[in-house]
Amino acid sequence: MLLLRGAAEVVTPPVTSKPLSGKAMGEVERHPNTDILIENDKIVAVGRDLESLASKVIDVSGKVIVPGFVDPHTHLVWSGSREHELEWKLKGRTYQEILADGGGILRTVKETRNSDFSDLKAESLLRFNNAIKHGSTTIEIKSGYGLERDTEIKQLKVANWLGSLGLAETVVTFMGAHALPEGSERFSYINQIIEMLPDVREFSDFCDVFCEEGAFTDNEARKILEAAKEHDFSLKIHADEFGDTGGGKLAAELGVVSADHLAGSTLETIKELQKAGVIGVLLPGTPFAILSDKFSPARKMIANNLPIALATDCNPNCYTESMQFIQQLAVFRMKMTPAEALVASTINAALAIEKTDRGCIAEGWRADLLICDIPDYRHLTYHFGVNHVETVIIGGKVIDA
Ligand code: NIG
Ligand code: FE
């Protein structure tokens with residue numbers, strides 16, 4: 001048993017099995033002078049002056065405790081880097097122009113295909129540890145830098161290996177439909193992806209498609225995702241990153257678990273997603289990284305009761321592992337409140353990857369907790385650009401990442 005004694009405040013979304021939306025996204029519970037008792041990987045009590053015979057006690061006086069952050073959208077298993085593209089972006093080249101010239105995703109595909117399994121593990125582990133240090137306790141990871149069977153499987157195996165280390169848990173997504181590989185013909189590559197599905201199923205739970213101009217059309221995405229459904233994958237879509245180009249509407253039509261990006265979605269699409277029960281995963285690091293002001297219309301989404309989650313999108317174009325930085329962008333650039341940003345990074349993010357046991361601090365919930373060296377939870381976003389997480393507890397264990 002582990003006792004966290006005397007937190008200045010324990011802050012949590014209200015306990016729920018459904019994602020929070022609308023006004024409820026902005027209402028967190030704040031419990032002052034509170035203890036948390038943990039047994040094995042679960043929280044067994046939350047309250048004042050808990051009596052306990054815990055073998056280990058951590059004095060958390062003056063600290064804030066929040067649920068561990070869930071990062072429901074990353075591409076963090078890759079090789080190489082793309083710092084030169086930042087200079088191209090500064091000169092005005094767009095993300096899609098860079099991709100069409102064989103840069104962007106296609107550049108990372110070359111480097112990931114050429115890296116051996118142990119190098120890919122080592123590079124990815126550095127980022128994984130960075131994510132944990134900044135408070136991520138469950139991390140979704142996608143493939144999509146192989147675009148052929150063996151490299152896709154190599155990436156998926158690394159993502160599973162990271163999850164087996166007893167650090168953060170991983171949820172793994174197959175994304176063979178990330179870009180059209182150089183030299184491939186569209187129709188035949190789409191069929192290859194569909195043929196890979198049974199082989200990658202043992203390594204991944206979700207299937208995702210980049211549905212956008214320059215990537216895959218809505219009809220192509222529908223074909224791939226319908227096939228994935230037959231193999232019992234849960235579904236996600238990279239949708240409406242640059243404009244309302246059909247991905248958001250397809251997400252609503254298929255009733256996917258989450259539609260991610262949604263920077264270009266219209267009000268009509270937002271309403272369709274809401275009706276279909278889809279969670280919007282917003283990735284404000286991405287417009288930031290492409291020097292764009294086009295952030296997802298979070299306020300419009302909240303006003304229309306679409307539940308939203310936040311994620312880093314950690315990838316060589318948008319290179320951050322920090323969910324704290326993402327919450328800060330959400331507040332400063334999308335005008336979400338600190339409470340909404342916290343809900344979007346905990347319970348709603350957990351439900352966006354179908355995890356129902358984490359994201360709240362209450363009896364019976366998984367003991368994924370962050371001890372933060374701040375006087376009030378709002379400092380997580382108000383005081384930006386520094387790491388507020390002092391101690392990370394995952395599944396009841398203090399983690400040294
Ligand atoms: O979510 N948009 C597509 N995929 C990633 C970017 C991957 C990359 O640029 O390497 C994203 O932004
Ligand atoms: Fe992405």
Side-chain angles (χ1 to χ4, degrees), residues 71-86 88-89 93-113 123-124 127 131 139-147 151-152 155 159 171-182 206-217 220-221 235-243 245 247-248 251 256-265 280-292 294-296 309-321 323 326 329 349 352-353:
D71 187 347
H73 181 140
T74 85
H75 306 250
L76 79 67
V77 174
W78 80 79
S79 249
S81 70
R82 306 207 310 247
E83 63 279 2
H84 56 283
E85 288 181 5
L86 176 55
W88 297 350
K89 291 186 279 187
R93 288 184 77 186
T94 68
Y95 181 81
Q96 281 151 306
E97 282 164 6
I98 293 171
L99 177 61
D101 283 353
I105 295 173
L106 295 173
R107 155 85 185 215
T108 304
V109 165
K110 284 187 202 111
E111 292 183 294
T112 306
R113 284 182 182 172
E123 286 184 64
S124 305
R127 291 177 209 123
I139 303 175
E140 187 263 10
I141 303 177
K142 302 173 200 297
S143 67
Y145 293 124
L147 311 184
T151 311
E152 287 292 310
Q155 272 195 283
V171 168
V172 181
T173 299
F174 170 60
M175 198 174 180
H178 198 194
L180 186 67
E182 280 179 302
F206 279 87
C207 180
D208 193 344
V209 174
F210 185 15
C211 181
E212 195 71 54
E213 270 162 37
F216 296 90
T217 67
E220 292 166 344
L235 307 181
K236 289 182 171 286
I237 308 187
H238 277 61
D240 300 346
E241 179 173 348
F242 304 112
T245 54
V256 298
V257 177
S258 77
D260 301 32
H261 285 291
L262 306 180
S265 301
V281 175
L282 309 188
L283 311 164
T286 307
F288 179 82
I290 59 173
L291 289 79
S292 155
K294 203 163 173 200
F295 288 83
S296 306
L310 289 167
T312 60
D313 200 15
C314 181
N315 70 61
N317 174 59
C318 169
Y319 194 2
T320 180
E321 298 94 335
M323 282 296 286
I326 294 302
L329 286 179
I353 48 172

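Residues: numbered from 1 along the sequence shown. Scope of the values below: all heavy atoms of this structure, side chains included, with no hydrogens, waters or symmetry mates. Ligands are counted one by one from 1 in listed order, and the atoms in each one are counted from 1 as well.
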Worksheet item: Which single N/O/S atom of Asp313 lies at minimum distance from the Fe ion (ligand 2)?
Response: OD1

Practice prompt. Pull out every atom of ligand 1 sitting under 4.0 Å from any heavy atom of Asn317, numbered as shown with elements.
Written response: 9 (O)

Fill in: Name of whichever N/O/S atom of His73 is nearest to the Fe ion (ligand 2)
NE2

Discussion item. Taking 4.0 Å as the limit for heavy-atom contacts, which would you say applies to Tyr145 with ligand 1: side chain only, backbone only, both, or neither?
Written reply: side chain

Discussion item. Any heavy-atom pair between the side chains of Lys236 and Glu140 that's under 4.5 Å?
Written reply: yes

Worksheet item: To the nearest 0.5 Å, how far apart are NZ in Lys110 and CG in Leu147?
Response: 11.0 Å

Discussion item. Between Glu85 and Lys89, does any side-chain N to carboxylate O distance fall below 4.0 Å?
Written reply: no

Practice prompt. Among all protein heavy atoms, pick the one closest to atom 2 (N) of ligand 1 and tell me residue, atom and distance.
Written response: Glu241 OE1, 2.9 Å

Worksheet item: So, Glu83 and Ser81: side-chain donor and acceptor under 3.5 Å apart, yes or no?
Response: yes

Worksheet item: Under 2.8 Å from the Fe ion (ligand 2), is there an N/O/S atom belonging to His261?
Response: no

Fill in: Atoms in ligand 1 flagged as close to Pro316, the criterion being non-hydrogen separation under 4.0 Å
10 (O)

Worksheet entry | Pairwise distance SG(Cys211) to CG(Asp260) - rounded to 0.5 angstrom | 12.5 Å

Worksheet entry | Thr312 OG1 to Ile139 CD1 distance, which is reported to the nearest 0.5 Å | 8.0 Å

Worksheet item: Near His73, which atoms of ligand 1 are under 4.0 Å from a heavy atom of that residue?
Response: 1 (O)

Item to complete: Check if Glu212 has a non-hydrogen atom at a distance under 4.0 Å from any atom of ligand 1.
Response: no

Worksheet item: By atom name, which N, O or S atom belonging to His75 lies closest to the Fe ion (ligand 2)?
Response: NE2

Discussion item. Is it the case that atom CD in Glu213 sees more than 12 heavy atoms from other parts of the structure closer than 6.0 Å?
Written reply: no

Fill in: Donor-acceptor side-chain pairing of His73 and His261 below 3.5 angstrom
no

Worksheet item: Of Phe210, Tyr319, Tyr95, which has the heavy atom at the shortest distance from atom 6 (C) of ligand 1?
Response: Tyr95

Worksheet item: Of all the atoms in Cys318, is at least one N, O or S atom closer to the Fe ion (ligand 2) than 2.8 Å?
Response: no

Discussion item. Looking at ligand 1, would Thr108 count as a contact under a 4.0 Å heavy-atom criterion?
Written reply: no

Practice prompt. Kindly identify the option in Asp313, Leu99, Ile105 whose heavy atom sits closest to atom 11 (C) of ligand 1.
Written response: Asp313

Fill in: Exceeds 12 heavy-atom contacts within 6.0 angstrom, atom CZ of Phe288
no

Discussion item. Tell me the closest heavy-atom pair linking Val209 and Ala221, and the distance in Å.
Written reply: CG1-CB, 3.6 Å

Discussion item. Side chain or backbone, does His178 bring an N or O within less than 3.5 Å of an N or O on ligand 1?
Written reply: yes

Worksheet item: Is ligand 1 under 4.0 Å from a heavy atom in the side chain of Arg82, in the backbone, in both, or in neither?
Response: side chain

